[in-house]
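Presented below is the structure to which this report refers.
So you know, we letter chains A, B, ... as the sequences are listed, proteins then strands, and number each from 1.
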Amino acid sequence: MFWLAEGLVYRRQESIIHSLDPRVKLIISLSLFLLSLFSSTIFEFIILLSAIFLLGVLSKVLRRMIKTITFSLTFVIMIFAINLLVGYDLIFSIIISLRFIAIISSSSIFFLTSSPDELDLVMRSLHLPYDLIFAFVTAVRFVPVILLDAVQIIDSQRSRGLEIEKGNIFKRIRNYIPVLIPLIVQSIIRSEELAEAMESRAYGFSKKRTSYYTLHFKRKDYFVLCLNLTLVVLFILLIHLFHL
Amino acid sequence: MIEVESLYFKYPLANDYVLKNISLKIGLGEVVGIMGGNGSGKTTLIKHFNGLLKPTKGFVKVFGKDTRKESVAYFSKKVGLVFQNPGHQIFSDTVWNEVAFALKNFGFEEEIINKRVKWALEFFNLIQYKDMSPLLLSGGEKKRLCLASVLAWNPDFIILDEPTVGQDFLQKEKLIEIIKMLVTQNKTVIVVSHDVEFIWLLQPRLILISNGIIVKDGDCRSVFKDDSVLEKCGITKPQLVELYEELYPLIERPPVDIVEARSMMLKLLRGLK
Amino acid sequence: METLTEIIKFINFSFSYSGSNALILKNINLSIEEGDFVLLVGPSGCGKSTLLRCINGLIPHLYSGVYEGEVIVDGELVKNKSVNELATKVGFVFQNPENQIFMFSVEKDIVFGLENIGLDRNEIDSRLEWVLHALGIEHLRYKPPYELSDGQKQRVAIAGVLAMKPKILILDEPTSLLDPRTALEFILLIKELNRKFGLTIIVVEHRIDLLTNVANRMIVLDKGEIIFNGCLKEVIKNKNLNLYGVNVPPVIALQNYLKDEGLIFNEFYLNVKDFSKEIKRRLIGID
């Protein structure tokens with residue numbers, strides 16, 4: 001069932017990129033994201049997308065990155081079509097679509113190469129309150145679990161003759177009631193069990209909660225960070241000084 | 001009749017097959033046990049029997065019809081599946097409506113629905129709760145309710161996924177009774193379970209699965225003889241089989257239940273007086 | 001003789017959840033000694049889960065109600081201690097391990113509880129090594145929960161609570177989702193913890209055949225009252241155990257039947273091997 005989320009979710013892997021400090025990965029992802037947001041020529045997007053795909057290759061997640069893009073292709077086509085329809089020219093519509101692809105794929109670099117635990121560490125290094133971090137981590141942790149519940153509920157109800165895709169739009173919405181009610185009930189039960197388990201693990205025990213994990217920049221992290229900065233500056237200079 | 005021929009199955013985008021080269025035939029009036037370790041593919045297999053999953057290669061036919069050719073609802077009417085966790089199906093406002101749900105989906109007439117629901121609730125001792133919310137029932141009652149909601153539409157095949165989890169002695173005894181009764185009506189009951197003692201009392205045809213492959217298919221006496229296959233599937237022996245093996249050759253075969261074990265022991269110990 | 005210390009004690013204890021008049025537990029008097037391995041059984045809804053939650057303080061701290069009498073754990077009144085403080089005395093492993101693994105790797109999940117009680121880095125390091133080794137899960141250290149099998153998840157769930165170094169380990173139907181061999185291995189692991197570290201164990205389990213050879217005490221609960229409480233070998237002999245929903249293993253039930261027929265054995269045999277040996281001994285003896 002996890003195939004559903006295959007293209008979007010972090011998988012344990014090893015590569016040069018994976019081993020970087022998550023803050024560095026976040027900065028790389030963010031710089032490409034911002035550059036994509038402010039770029040406006042096809043040439044810029046060619047450079048940006050090449051850089052993104054190069055990172056995809058280096059981190060061995062290219063295949064899943066492309067999958068993510070394929071998932072969002074419907075949106076890309078929609079954006080493209082709407083732009084054309086409202087009267088923008090072809091080049092502009094292409095640029096808007098490319099921007100969308102670049103934004104999606106640049107942010108996927110971080111999520112495909114960093115585990116939610118690493119995100120947890122980034123948040124800790126930003127000194128966010130632990131309650132907030134814990135809420136975020138468990139939310140991400142239980143998304144696939146609840147998805148699995150949903151699949152089992154759908155299987156159960158289909159086995160009792162429910163045909164979800166049958167009927168007009170109103171009928172279809174009503175068809176989801178036998179799925180949604182058990183899903184909500186199950187999730188409430190699950191959250192009660194989670195609360196018990198949290199208490200039993202001394203969550204909120206003392207104000208002086210310690211942190212076993214701390215992030216430290218290694219030499220390669222500094223190197224990559226500098227490289228990233230240089231390339232960003234170079235890119236901006238290139239575009240603006242030479243009006244490419 | 002359910003026919004499975006060279007069935008291979010993998011989830012889309014996955015690399016490995018969950019089921020590999022499964023072939024089997026299950027007729028009417030049988031009790032079939034399916035056992036195997038956690039993650040061996042048992043549940044994936046039974047989901048093929050009513051078309052919830054379709055083979056990647058090979059085919060599954062129910063009463064001669066390929067499961068790819070008709071809807072899940074069409075096959076479910078003949079093959080009733082009761083899943084392990086009642087929480088995954090219970091949603092109605094009343095116990096009565098919970099049982100009526102499937103019958104309405106299958107398009108039975110009002111009159112028949114009322115008759116069937118009443119019968120099922122009475123049969124499972126739940127009729128006194130008919131206007132109550134099913135969510136208020138106890139764990140054991142919920143499990144019975146799920147069974148009732150499937151038996152109500154009178155399918156030819158009844159598949160039970162882990163029916164004994166969390167069930168106490170009396171509930172298990174009742175379940176064995178029900179299964180035996182269903183078989184006398186020429187229905188087939190397929191039980192997926194880890195509970196070796198329960199399976200032994202059913203004396204079923206037993207199918208063992210390991211890593212998506214059927215490693216053994218035969219009557220349960222011969223299956224429980226095969227040490228290496230049991231080991232491979234992570235299955236222990238029922239105590240009565242163990243007793244037979246320890247006492248061999250003093251008793252001629254493993255007793256089917258405790259009553260038989262008793263008379264065997266009595267014969268053994270008194271016969272020597 | 002070594003003196004036994006009472007680690008858990010219920011004195012004239014009754015409880016009902018708020019908003020309901022029904023007494024879930026009625027006048028419970030019970031004491032459990034350090035190092036005991038207790039099997040707790042009873043039909044569904046008999047109050048087992050409630051009893052367990054009184055020991056680790058979820059009752060009355062998370063669930064309120066009418067609380068009469070006393071529960072004492074390791075010399076202290078439960079109602080005066082918070083659940084969080086009790087977490088370092090009582091480890092609780094719930095039925096579904098999925099719901100008690102919060103983090104994305106085994107290591108991080110174990111560390112989660114240790115950070116909560118404010119341990120320093122060195123102490124966390126040493127406990128981490130110890131618990132991974134004690135449960136034989138070193139190889140799972142960096143795995144996320146969705147790469148674990150059901151049996152492995154159950155072990156990781158134990159690791160999370162064991163790292164807190166509790167004196168008592170409570171397990172609520174821990175094997176119900178496991179296949180027979182994994183379940184057996186799991187129970188033997190618990191026994192090992194009981195023997196090696198003197199951990200007091202309380203297990204609720206329907207499959208009691210798994211536990212007859214490892215537990216030393218058995219408590220039967222029905223409608224909120226203790227029906228039987230004592231040495232497992234004595235309690236399990238009772239003929240009407242199955243009326244309380246207990247799945248009496250066939251070899252035990254068989255001995256009860258034979259007793260009715262006037263065949264008395266010297267001893268009650270808890271497993272098939274010992275029972276068969278006795279049968280053979282008799283036959284040869286009579287010969």
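Heavy-atom distances place both the backbone and the side chain of Glu231(B) under 4.5 Å from chain C. Both the backbone and the side chain of Glu242(B) come within less than 4.5 Å of a heavy atom in chain C. Interface remark: Ser149(C) contributes no atoms to any contact with chain B (heavy atom separation under 4.5 Å). The part of Val246(C) that comes within reach of chain B is its backbone (N, CA, C, O), which places non-hydrogen atoms under 4.5 angstrom from that chain. Using a 4.5 Å cut-off between heavy atoms, Asp150(C) contacts chain B through its side chain alone, with no backbone atom that close. With a 4.5 angstrom heavy-atom cutoff, Leu241(C) does not touch chain B via any of its atoms. Proximity to chain B involves both the backbone and the side chain of Glu261(C), based on heavy atoms less than 4.5 angstrom apart. Of the atoms belonging to Gln84(B), it is side-chain heavy atoms, and not backbone ones, that fall under 4.5 Å from chain C. Of the atoms belonging to Phe275(C), it is side-chain heavy atoms, and not backbone ones, that fall under 4.5 Å from chain B. Contacts between Leu250(B) and chain C at a heavy-atom distance below 4.5 Å involve the side chain alone, from C-beta outward.
Among the candidates Met265(B), Arg262(B), Glu173(B), Gln171(B), the residue making the largest number of heavy-atom pairs closer than 4.5 Å to chain C is Arg262(B). Of the listed residues Leu243(C), Leu177(C), Val41(C), the one with more heavy-atom pairs under 4.5 angstrom with chain B than any other is Leu177(C). The residue among Leu178(C), Val251(C), Thr182(C), Leu263(C) with the most heavy atom pairs within less than 4.5 Å of chain B is Leu178(C). Per-residue counts of heavy-atom pairs under 4.5 Å with chain C were compared for Leu266(B), Ile235(B), Leu170(B); the largest is that of Leu266(B). For chain B, the option among Ala183(C), Gly45(C), Pro249(C), Gly151(C) with the highest count of heavy-atom pairs below 4.5 Å is Pro249(C). Chosen from Pro250(C), Gly42(C), Ser276(C), the residue pairing most often with chain B at heavy-atom distances under 4.5 Å is Pro250(C).
Residue Lys223(C) qualifies as open at atom NZ: its count of foreign heavy atoms under 6.0 Å is 12 or below. Residue Asp227(B) qualifies as enclosed at atom CG: its count of foreign heavy atoms under 6.0 Å is above 12. At most 12 heavy atoms of other shown residues, nucleotides or ligands fall within 6.0 angstrom of atom NZ in Lys232(B). At most 12 heavy atoms of other shown residues, nucleotides or ligands fall within 6.0 angstrom of atom OH in Tyr257(C). Counting heavy-atom neighbours within 6.0 Å of Asn242(C) CG, excluding the residue itself, gives a total above 12. Within a 6.0 Å sphere centred on OH of Tyr248(B), other residues, nucleotides and ligands contribute 12 heavy atoms or fewer.
Rounding to the nearest 0.5 angstrom, the gap separating the CG atom in Leu254(C) from the CD atom in Gln239(B) is 9.5 Å. We find the CG-CD1 distance between Leu258(C) and Ile258(B) to be 10.5 Å, quoted to the nearest 0.5 Å.
Listed by sequence position, the residues of residues 121-143 of chain B in contact with chain C number zero, using a 4.5 angstrom heavy-atom cutoff.
Between the side chain of Asp179(C) and the backbone N or O of Gly36(B), no donor-acceptor pair lies under 3.5 Å. No donor-acceptor pair under 3.5 Å is formed between the side chain of Arg282(C) and the backbone N or O of Leu269(B). Between the side chain of Glu246(B) and the backbone N or O of Lys273(C) there is no donor-acceptor pair closer than 3.5 Å.
For Glu197(B) and Arg207(C), the salt-bridge test fails: no basic side-chain N is under 4.0 Å from an acidic carboxylate O.
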Go through Leu247(B) and Lys280(C) one step at a time and tell me if the side chain to side chain contact (heavy atoms under 4.5 Å, CB included) criterion holds. CA-CA 7 Å; Leu247(B) 290 178; Lys280(C) 281 194 233 166; 4.0 Å; yes
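Taking every heavy atom of both residues into account, Ile279(C) and Leu268(B) meet most closely at CG2-CD2, 3.9 Å. In plain terms, the two heavy atoms of Pro180(C) and Gly234(B) that are nearest each other are CD-O, 3.6 Å. Between Val165(B) and Ser176(C), the shortest heavy-atom contact is CG2-O, 3.8 Å.
A heavy-atom distance below 4.5 Å is not found between the side chains of Asn247(C) and Thr164(B).
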